[in-house]
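First the structure, in the form of structure tokens, and then the observations on it.
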Amino acid sequence: MARSEARVRTDRPHRYAKQLASHLGRRSTTNWDEETGVGSLVFQDGTGSLTAADGALLLAVDADAEHLARLEDVVGRHLVRFGAKDELVVEWHRDTGEPGTTQRKAEDTA
């Protein structure tokens, strides 16, 4: 199993974690414990965790290497969408030392 982690700076980590767990729970198994500030995600191809820390939401995903980028994208893309007003950026770092994917609000092209 490969692992990737991201530290997303936000003043509202509990809110975003709860929203992310609720939303992703429609297609996978999730839980969120408001008291401990910890949650889990169970996908078909891997698992994930959410931890509300002081000033940040800590994310982790574990999967076979072939599925890691997809799980990074699923978790990161949804979080960025929820946090569009706060312009959240999710930058993943893999346990292999190689950079993971990055999700951020799309630039408006007018």
Side-chain angles (χ1 to χ4, degrees):
M1 286 289 240
R3 182 175 184 87
S4 189
E5 299 178 344
R7 179 182 182 87
V8 182
R9 293 186 346 185
T10 176
D11 293 333
R12 300 184 284 183
H14 282 81
R15 175 183 180 265
Y16 286 126
K18 180 180 179 180
Q19 188 175 12
L20 188 60
S22 175
H23 180 75
L24 292 177
R26 296 176 188 166
R27 298 177 117 183
S28 54
T29 303
T30 66
N31 73 39
W32 173 248
D33 186 323
E34 191 67 36
E35 286 186 35
T36 63
V38 175
S40 65
L41 312 168
V42 179
F43 301 101
Q44 182 177 352
D45 298 322
T47 61
S49 65
L50 312 166
T51 305
D54 190 27
L57 175 56
L58 309 178
L59 306 172
V61 291
D62 295 284
D64 290 334
E66 65 194 61
H67 301 292
L68 200 58
R70 186 179 68 76
L71 291 183
E72 290 172 348
D73 184 63
V74 167
V75 174
R77 184 170 27 93
H78 286 93
L79 181 60
V80 166
R81 187 177 331 137
F82 300 144
K85 289 182 180 179
D86 291 338
E87 297 187 6
L88 300 182
V89 175
V90 182
E91 187 174 348
W92 295 95
H93 302 277
R94 297 183 182 165
D95 62 357
T96 59
E98 66 184 81
T101 62
T102 300
Q103 293 79 36
R104 62 174 33 96
K105 182 179 174 184
E107 297 295 322
D108 293 331
T109 55

Check your understanding: What pairs of residues pass the salt bridge (charged side-chain N to carboxylate O under 4.0 Å, His left out) test when at least one of them lies in residues 17-31, not counting sequence neighbours?
Key ->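 Pairs touching residues 17-31 that pass the test: none.
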Among all residues two or more places apart in sequence or in another chain, which pass the salt bridge (charged side-chain N to carboxylate O under 4.0 Å, His left out) test with [X]?
X	value
Arg7	none
Arg77	Asp73
Glu66	none
Asp95	none

Exercise for review: With the side chain counted from C-beta on, respond yes when Thr30 and Trp32 share a heavy-atom pair under 4.5 Å apart, and no when they do not.
Suggested key: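 The answer is no; the side chains never approach within 4.5 Å.
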Check your understanding: So, do Trp92 and Val75 sit near enough that their side-chain heavy atoms are less than 4.5 Å apart?
Key ->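 When only atoms from C-beta onward are counted, Val75 and Trp92 do touch, with a gap below 4.5 Å.
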Write down the atom of [X], the atom of [Y], and the distance for their closest heavy-atom approach.
X	Y	value
Val8	Val89	CG1-O, 3.7 Å
Ala21	Leu41	CA-CD2, 4.4 Å
Leu50	Ala17	CD1-O, 3.6 Å
Pro13	Ala53	CG-O, 3.3 Å
His14	Gly37	NE2-CA, 3.9 Å

Review point. Rounded to the nearest 0.5 Å, how far does CZ of Phe43 lie from CG of Leu71?
Key: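 The CG atom of Leu71 sits 5.5 Å away from the CZ atom of Phe43.
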Review point. How many angstroms lie between CZ in Arg94 and CG in Leu68, if you round to the nearest 0.5 Å?
Key: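 Result: 5.0 Å between the selected atoms.
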Point to revise | Contacts of type ring pair (Phe, Tyr, Trp, His ring centres under 6.0 Å), residue His67, not counting sequence neighbours | key: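 Here no residue qualifies.
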Check your understanding: Would you find a donor on one side and an acceptor on the other, under 3.5 Å apart, between the side chain of Gln103 and the backbone of Val80?
Key ->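 Judged by distance alone, no pair lies under 3.5 Å.
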Exercise for review: Under 4.5 Å between side-chain heavy atoms, chaining through other members, with only Ile, Leu, Val, Met, Phe, Trp and Tyr counted: pull out the rest of the cluster around Met1, sorted by chain and number.
Suggested key: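 Traced through the cluster, Met1 reaches no other member.
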All side chain to side chain contact (heavy atoms under 4.5 Å, CB included) counterparts of [X], not counting sequence neighbours:
X	result
His93	Glu91
Asp33	Glu35, Thr36
Thr29	Val42
Arg15	Arg12, Gln19

Check your understanding: Parallel under 30°, tilted from 30 to 60°, perpendicular over 60°: which one fits the rings of Phe82 and His23?
Key ->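 It falls in the perpendicular class, over 60°.
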N/O donor-acceptor pairs under 3.5 Å from side chains in residues 57-65, not counting sequence neighbours:
| from | atom 1 | to | atom 2 | distance (Å) |
| --- | --- | --- | --- | --- |
| Asp62 | OD1 | Arg3 | NH1 | 3.0 |
| Asp62 | OD2 | Arg3 | NH1 | 2.7 |

Check your understanding: Near Arg81 CZ, under 6.0 Å, is it more than 12 heavy atoms from other residues, nucleotides or ligands?
Key ->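 Count over threshold, so yes.
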